[in-house]
Amino acid sequence: MIKLIVSDIDGTLLPDGGHGLNPELFEVIRKLRAQGMQYAAASGRQWVSIERLFDPIKEKIFYLSDNGAYVGLCGRNLYLNTIEPQIVRQMTKEIRREGLAPLISGPDVVYLEEQDSSVYDWLVNGYQFRVEVVEDLLAVKEPFIKVSAYRPKDIDPATKTIRERYKDQLKITISGDMWMDCMARGVNKGEAVKLLQESLGISPMETMVFGDQMNDIEMMNQAYYSFAVGNARPEVKAAARFQTDVNVRDGVLKILKLLVEE
């Protein structure tokens with residue numbers, strides 16, 4: 001029996017940066033919970049963004065935010081994995097030198113420098129993050145759980161040098177075509193799923209996950225019922241055991257509805 005369902009958001013439930021889930025998803029999750037299944041949203045997004053997106057059922061799901069650096073419930077942080085401030089500030093300088101927009105995430109706020117107004121609009125109006133604009137990111141006080149680089153497109157080739165230089169100091173992932181996210185070593189969605197499984201007494205054989213990007217591969221390895229949506233990257237499809245329809249045709253919802261007992 002499935003006891004835990006975990007889904008990525010951007011590219012899996014929604015187009016990247018979207019903020020309007022199919023209302024039917026909320027009712028299906030309520031029914032699955034009544035049948036004894038837990039639901040978790042696993043994303044590179046901030047927990048505030050996840051909570052706003054799932055507002056009608058925000059008290060009924062787990063949040064695996066910031067690519068697994070934060071694990072929590074509505075209004076309560078259960079697990080936080082922080083990065084050494086010195087490494088965050090070094091990475092911020094590197095991102096600047098490459099001509100990219102740096103962002104620093106604390107547990108509850110994303111910090112952004114004043115000159116990046118277009119990124120601010122994207123974060124606040126697209127992802128619905130809680131954002132604070134500062135004059136200098138290097139002056140922001142810890143704790144930090146993530147440092148990110150933003151580029152409107154082609155983030156992968158644009159960050160190749162940085163990723164090679166810091167690969168032994170940070171867990172670095174590419175999320176879509178716009179984001180590079182850096183967390184403490186050992187942090188990823190798969191480890192967050194594992195932590196949740198161990199806390200709830202749920203095995204990988206009782207777990208179902210959905211994803212589309214490279215930062216979803218670790219959690220594919222943490223569940224027997226691993227699904228790539230139809231628009232997923234080839235590497236994710238290769239890592240998953242199963243495949244469903246594309247995100248814009250509610251591929252995840254189609255599978256979840258099959259689990260609902262009539």
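We're numbering straight along the sequence, starting at 1. Worth saying up front: this structure is predicted, and the values here are computed from it rather than measured.
Cluster partners of Val246, by chain and number: Val248. The rule joins Ile, Leu, Val, Met, Phe, Trp and Tyr whenever side-chain heavy atoms lie under 4.5 Å apart. Other members of the hydrophobic cluster containing Met219, listed by chain and number, are Leu4, Val6, Phe62, Leu64, Val71, Leu73, Leu78, Tyr79, Val193, Leu195, Leu196, Leu200, Ile202, Val209, Met214, Ile217, Met220, Val236; membership follows side-chain contacts under 4.5 Å among ILVMFWY residues, whether direct or relayed. Cluster partners of Met183, by chain and number: Val187. The rule joins Ile, Leu, Val, Met, Phe, Trp and Tyr whenever side-chain heavy atoms lie under 4.5 Å apart.
Contact annotation: the side chain of Phe54 approaches that of Leu21 to within less than 4.5 Å [non-hydrogen atoms, C-beta and beyond]. Looking at heavy atoms from C-beta onward, Glu24 lies in side-chain contact with Leu253 at the 4.5 angstrom threshold. In this structure the side chain of Ile5 reaches within 4.5 angstrom of the side chain of Leu259, judged on heavy atoms. Looking at heavy atoms from C-beta onward, Met180 lies out of side-chain contact with Thr173 at the 4.5 angstrom threshold. Counting heavy atoms from C-beta outward, Ile95 and Val147 have side chains that approach closer than 4.5 Å. Counting only heavy atoms from C-beta outward, the side chains of Phe129 and Leu103 never approach each other to under 4.5 Å. Put simply, the side chain of Arg96 reaches to within 4.5 Å of the side chain of Glu113, judged on heavy atoms. Residues Arg45 and Ser65 fail the side-chain proximity criterion, which asks for heavy atoms closer than 4.5 Å.
For the atom pair Tyr166 OH and Ile87 CD1, the distance stands at 8.5 Å (nearest 0.5 Å). Distance check, rounded to the nearest 0.5 Å: CD1 of Ile172 to NZ of Lys167 gives 10.0 Å. Note that CE of Met37 and NZ of Lys3 are 11.0 Å apart. Values are rounded to the nearest 0.5 Å. Expressed to the nearest 0.5 Å, how far CG of Leu170 lies from SG of Cys182 amounts to 5.5 Å. Atom CG of Asp10 sits about 9.5 Å away from atom CD of Gln213, to the nearest 0.5 Å. To the nearest 0.5 Å, atoms CD1 (Ile2) and CG (Leu258) are separated by 11.5 Å.
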>> Is there a side chain to side chain contact (heavy atoms under 4.5 Å, CB included) between Glu27 and Ile29? Walk through the geometry before answering.
In response: CA-CA 5 Å; Glu27 185 57 32; Ile29 290 174; over 6 Å; no
>> Between Met208 and Ile255, does the side chain to side chain contact (heavy atoms under 4.5 Å, CB included) criterion hold? Intermediate values first, please.
In response: CA-CA 10 Å; Met208 178 178 287; Ile255 299 299; 3.9 Å; yes
> Can you list the steps and then say if Val133 with Tyr120 is a side chain to side chain contact (heavy atoms under 4.5 Å, CB included)?
Replying inline: CA-CA 8 Å; Val133 177; Tyr120 177 88; 3.5 Å; yes
> Can you check side chain to side chain contact (heavy atoms under 4.5 Å, CB included) on Glu206 and Tyr225, steps first, answer last?
Replying inline: CA-CA 8 Å; Glu206 298 168 315; Tyr225 298 96; over 6 Å; no
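None of Val109, Thr92, Ile145, Val110 except one satisfies the side chain to side chain contact (heavy atoms under 4.5 Å, CB included) rule with Ile104; the exception is Thr92.
Ion pairing of Glu261 with Lys31 is absent here, as no side-chain N (NZ or NE/NH1/NH2) approaches a carboxylate O to less than 4.0 Å. Ion pair Asp245/Arg249 flagged as a salt bridge, since at least one NZ, NE, NH1 or NH2 atom sits closer than 4.0 Å to an Asp/Glu carboxylate oxygen. Checked for salt-bridge contact, Asp212 and Arg233 miss the test: no charged N lies under 4.0 Å from a carboxylate O. A salt bridge links Asp156 with Arg163: the distance from a Lys NZ or Arg NE/NH1/NH2 to an Asp or Glu carboxylate oxygen falls below 4.0 Å.
Applying the salt bridge (charged side-chain N to carboxylate O under 4.0 Å, His left out) definition to pairs two or more places apart or across chains, none involves residues 75-87. Applying the salt bridge (charged side-chain N to carboxylate O under 4.0 Å, His left out) definition to pairs two or more places apart or across chains, those involving residues 46-55 are Asp55-Lys58. Annotation: side chain to side chain donor-acceptor pair (under 3.5 Å) contacts involving residues 102-111, sequence neighbours excluded, comprise Trp47-Asp108. Pairs passing the ring pair (Phe, Tyr, Trp, His ring centres under 6.0 Å) check and including a residue from residues 183-204, sequence neighbours excluded, do not occur. Residue pairs that meet the ring pair (Phe, Tyr, Trp, His ring centres under 6.0 Å) test with at least one member in residues 226-247, sequence neighbours left out, are Phe210-Phe227, Phe227-Phe242. Evaluation of the side chain to side chain donor-acceptor pair (under 3.5 Å) test over residues 178-190, restricted to residues two or more places apart or in two chains, returns Asp8-Lys189, Asn67-Asp181, Tyr127-Trp179, Ser148-Asp181, Ser175-Asp181, Lys189-Asp216.
Counting only distance, with no hydrogens or angles, the side chain of Gln197 and the backbone of Ala192 share no donor-acceptor pair below 3.5 Å. Formation of a donor-acceptor pair under 3.5 Å by the Arg89 side chain with backbone atoms of Leu138 is found in this model. The main-chain N or O of Ser203 is found under 3.5 Å from a side-chain atom of Thr207 such that the two form a donor-acceptor pair. Lys146 contributes no side-chain N or O that, together with a main-chain N or O of Pro107, makes up a donor-acceptor pair within less than 3.5 Å.
In this structure, Arg151 has no salt bridge (Lys or Arg N to Asp or Glu O under 4.0 Å) partners at least two apart in sequence or on a different chain. Every residue two or more places apart in sequence or in another chain was checked for a salt bridge (Lys or Arg N to Asp or Glu O under 4.0 Å) with Lys93, and none qualifies. Arg33 is linked by a salt bridge (Lys or Arg N to Asp or Glu O under 4.0 Å) to nothing, counting only residues two or more places apart in sequence or in another chain.
Pairing each heavy atom of Glu98 with each of Ala158, the nearest pair is OE1-O, 4.2 Å. Considering every non-hydrogen atom in both Ile50 and Ala41, the closest pair reads CG2-CB, 3.8 Å. Shown here for Ala232 and Gly211, the closest heavy-atom pair between the two residues is CB-O, 4.0 Å. Shown here for Val229 and Asn247, the closest heavy-atom pair between the two residues is CB-N, 4.5 Å. Here the closest heavy-atom approach between residue Gly20 and residue Leu14 is recorded as O-CD2, 3.5 Å. Closest non-hydrogen pair, Gly11 versus Asn231, comes out as O-ND2, 2.8 Å.
Taking a 6.0 Å sphere around NZ of Lys237, one finds it holds more than 12 heavy atoms contributed by other residues, nucleotides or ligands. Heavy-atom neighbours of Lys160 NZ from other residues, nucleotides or ligands within 6.0 Å: at or below the threshold of 12. Within a 6.0 Å sphere centred on CD of Glu235, other residues, nucleotides and ligands contribute more than 12 heavy atoms.
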